[in-house]
Amino acid sequence: MDRAERGAFITAVAFMGFFFALIVYAAKGLNIDVPTCITDVKPFTQGQVIQHAPDRYEIHYLAKMWYFEPADVELPVGSTVDIYLTSGDVIHGFKIDGTNVNLMAIPGTVAYARVKFDKPGVYHIVCHEYCGIGHQNMATKIIVKGGEQQ
Amino acid sequence: MRVEGSVKTVILGEIIFPIVLLIFGIYHGLMQVLYRAGVIKDMSFLGIEYYQGLTLHGVINVVVFTTMIIVAFGNAVFLYYLKKPLRPAVQWVSFLLMVVGTLMAAWAMFAGKANVLYTFYYPLIAHPAFYIGAALLLVGSVIPLFFDWVPNYIAWRKEHPGEKVPLAVFGMLVNHIMWVIMLVPVVIEVLFQLIPVSLGLIPETNPSLSRTLFWAFGHPVVYFWLLPAYVMLYTILPKIVTGEGKLYSDSAARFAFLLFVLFSFPVGLHHQYTEPGITNSYKLIHAFFTLGVAVPSLITAFTVAASLEYSIKSKYPEVRNSLFYWWTKIPYISLEGDKWLVSYFMAGLLLFLAGGITGIVNASYNLNLVVHNTSFVPGHFHTTVGGLVTLSFLGISLYMVSKLMGKDIRFKGLAVIAPWLWWQGMLIFEYAMSMAGIHGFPRRTNTGISYLNPESPLYRPEWVGYAELTVLAGFIIVLGFVFWAISFFGTILSPKVRESTIEFPTAPALHDEKAPALNRLTPWFVVSVLLFVISYIPAIYDVTKRGVFFDSPGYNDKSPVPITKPQSAKEDQRNTAEAK
Ligand code: HEM
Ligand SMILES: [Cu+2]
Ligand SMILES: [Cu+2]
């Protein structure tokens, strides 16, 4: 190894180490983590919206060929929502645009993410994993209504 | 070195057969951009459905084309560098298994009985011919390693005690041993989960487990595609760039290959960041190793750049003191001798730069939440496997065919322009797919019917511009491919002017240490397999014992009713689960 080579090698390792440190910081310090493994919630067979408090919600999304249950959901702005997702048949995807919620729906398991809707608007949700012939039509949305609109 | 007889025929077959199929693969690539942008607003075109075409595109381009070209190149490398004959019987068995397997899978795909995409995620189930065909292709591809390459390698080492095996042989050998290791999990998935369900022998199996086994293969496989391209970058490119160039460091190249051996395997969970059923800290460990496996690529970037700089500067003294100006002396477009190949490698490398950066984004754990399963991901890998890998494979295919058939390369001008059109098209494609992906544009979706259809309630106008840009990109890439194909088939059909030979331009090393630790493979592979197994034990435990409540029956792509188990049986099982 000559000097230039050693320099390149150290730079490469240092960069990757730095990136990894940032990832860990984002996950542990800023709490931007990937979806959790839920082992105590049994896969449900029905979708539903549960309100716990004026701004606390729980939504159970059931993904099936080729729709989400519940369909469109309306929430007040500022709501914090616990999202649970499972599949009733094959693999589906679930991404709420404009948020960090990006989940896979896998039969036999429950995925979980928490999200707070600070801004009013329409949050589109698409199934982003191929799930058969109707995949391109599998979408829903969350409509977040602002204070003044209510 | 002269090559005649059946070995020559087999190698040529291993090049020409997948390339004929690649024409269908590329055709579907073009169709996909048209469908997705809403130019074709339909479920199918010319009798082939969108997802059927997407399955063909994925399977042909990254399973059949890559595997067969790698075997062909590996055969040629072992033959030429070790100067030891390959065994015709072995070669024929391997080739025929690959052809028969491919034809079986192709039949299932063309018949619409395998619309499961190239990742064939359970619970979607394909016709058994699809899985059995894929398995035969894979078995055929490992046969030369066991019965030709390893025996010849051992014999060569006996005859050359204390010598290093040629770098190209080293790289191809390491790569194919990695291939055998990574096949283990996917073979388990196919043999014990998918084929039994597909044949109706068992009614259901565990989807999370099958995904985990798939990705334990599915990420390492990208290095299986990449390392042969690196072999070419280390051995051929530095030589041909000036005609007498050198590889900067032989040990650095071997060290990079061995780092791939270590870090290519404990990484598959980075495809499963967004999944339930696997504890996050295990995913984070795989994120760590994924960043680790970027290191040998960065070493390669350094060594290739240093080799180019050294070679150019020793040929052109006038740029000896320049920091950047030597770049202008690289023969990006040159018809002289073998220099036409430089354009394939340089275009590929410049694409790989984009692929490397987007790859690190994908790998970055929480950052992956922004891009997972959006068009960002296909944007990324069209500059890696669809960029550097495909371009070097197209280049080397043309090169090998001209040598093996003893023909001059025809339409060399088109052959030199082709990679630059490809480069330009793929850059636009990568840009458009990445930007759209960041705005949520999904991958694997026939968006022209719904999201990009102004008449649909699902219409998303913010994606339209990007999708249209991919159409432009698609046409540029296809034009590049057509140029290449004219030269390729023109060469094949032209008269023979020389005897059939095989040889590769090979750069000698500038720094060439002995480094015995880098030439004993066993310890590296032992550590590698241990790391692989240890890194997967917790994840396998999660998806079999902790995170998954029940198995699932199989489905086909057309109906929400399971095909392997009556609905009532499923309800019964749910009820017992609830009663427990
Ligand atoms: C004309 C050239 C090409 C075009 C226009 C093209 C276009 C596309 C598009 C638009 C997609 C995304 C489809 C979707 O997600 O719905 C795609 C997927 C894909 N492409 Fe290409 N492609 C081309 C060449 C290639 C090449 C050369 C390779 C590899 C050697 C390749 C490998 C793949 C793979 C593996 C997928 C993923 C399939 C899947 O998600 O199941 N493509 N291609
Ligand atoms: Cu879907
Ligand atoms: Cu990967």
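In the text below, chain A, chain B and the rest are named by the order of the sequence lines, each starting its count at 1. Everything quoted here is computed from the prediction, not taken from an experiment.
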So, taking the atom named [atom1] in [X] and the one named [atom2] in [Y], what distance separates them when rounded to the nearest 0.5 Å?
X        : Y        : atom1 : atom2 : result
B/Ser552 : A/Asp89  : OG    : CG    : 9.0 Å
B/Ser44  : A/Ile133 : OG    : CD1   : 8.0 Å
A/Thr109 : B/Phe549 : OG1   : CZ    : 9.0 Å
B/Tyr451 : A/Gln136 : OH    : CD    : 8.0 Å
B/Ser456 : A/Asn137 : OG    : CG    : 7.0 Å
A/Cys131 : B/Tyr121 : SG    : OH    : 13.0 Å

Contact summary for [X] and [Y], nearest pair of heavy atoms:
X        : Y        : answer
B/Asn366 : A/Ile32  : ND2-O, 2.8 Å
B/Leu124 : A/Gly132 : CD1-N, 4.4 Å
A/Lys95  : B/Gly440 : NZ-CA, 4.4 Å
A/Ala27  : B/Tyr365 : CB-CE2, 3.8 Å
A/Pro43  : B/Phe550 : CG-CE2, 3.9 Å

Interchain contact, [X] with chain A, by part (heavy-atom threshold 4.5 Å):
X        : value
B/Thr119 : neither
B/Leu369 : both
B/Asn206 : neither
B/Phe302 : side chain
B/Leu54  : neither
B/Glu49  : side chain
B/Ser251 : neither
B/Leu284 : both
B/Val543 : neither

task: Could you go through the side-chain hydrogen bond (donor to acceptor under 3.5 Å, both in side chains) check for B/Thr445 and A/His135 one step at a time?
output: CA-CA 7 Å; B/Thr445 308; A/His135 164 57; 2.9 Å; yes

Toward chain B, the part of [X] with a non-hydrogen atom under 4.5 Å:
X        : result
A/Val41  : backbone
A/Asp97  : side chain
A/Phe19  : both
A/Val90  : both
A/Val24  : side chain
A/Ala105 : neither

Kindly indicate whether the side chain of [X], heavy atoms from C-beta on, has any atom under 4.5 Å from the side chain of [Y].
X        : Y        : answer
A/Trp66  : B/Pro560 : yes
A/Asp33  : B/Asn280 : yes
A/Val13  : B/Val295 : yes
B/Leu367 : A/Ile23  : no
B/Arg444 : A/His128 : no
B/Leu298 : A/Met16  : yes
B/Arg443 : A/Tyr130 : no
B/Pro276 : A/Pro35  : no

Contact leader toward chain A among [options], where contacts are heavy-atom pairs under 4.5 Å:
options                                : value
B/Tyr248, B/Phe255, B/Tyr50, B/Phe441  : B/Tyr248
B/Arg211, B/Arg460, B/Lys558, B/Glu513 : B/Arg460
B/Gln52, B/His511, B/Gln272, B/Met43   : B/Met43
B/Pro442, B/Ser450, B/Ala294           : B/Ser450
B/Val370, B/Asp557, B/Asn373, B/Leu291 : B/Asn373

- prompt: Taking atom CZ of A/Phe18 as the centre, does the number of heavy atoms from other residues, nucleotides or ligands within less than 6.0 Å exceed 12?
  reply: no

query: Above 12 or not: heavy atoms from other molecules or residues under 6.0 Å from OH of A/Tyr84?
result: yes

- request: Determine, stepwise, if the pair B/Tyr273 / A/Asn102 fulfils side-chain hydrogen bond (donor to acceptor under 3.5 Å, both in side chains).
  value: CA-CA 10 Å; B/Tyr273 285 148; A/Asn102 195 334; over 6 Å; no

message: Using modelled atom types and a 3.5 Å cut-off, is there a donor and acceptor pairing between side-chain atoms of B/His372 and backbone atoms of A/Met104?
response: no

Best-contacting candidate, [options], against chain B by heavy atom pairs under 4.5 angstrom:
options                     : result
A/Ala12, A/Ala8, A/Pro107   : A/Pro107
A/Asp2, A/Val34, A/Thr11    : A/Val34
A/Asn100, A/Leu103, A/Ile91 : A/Ile91

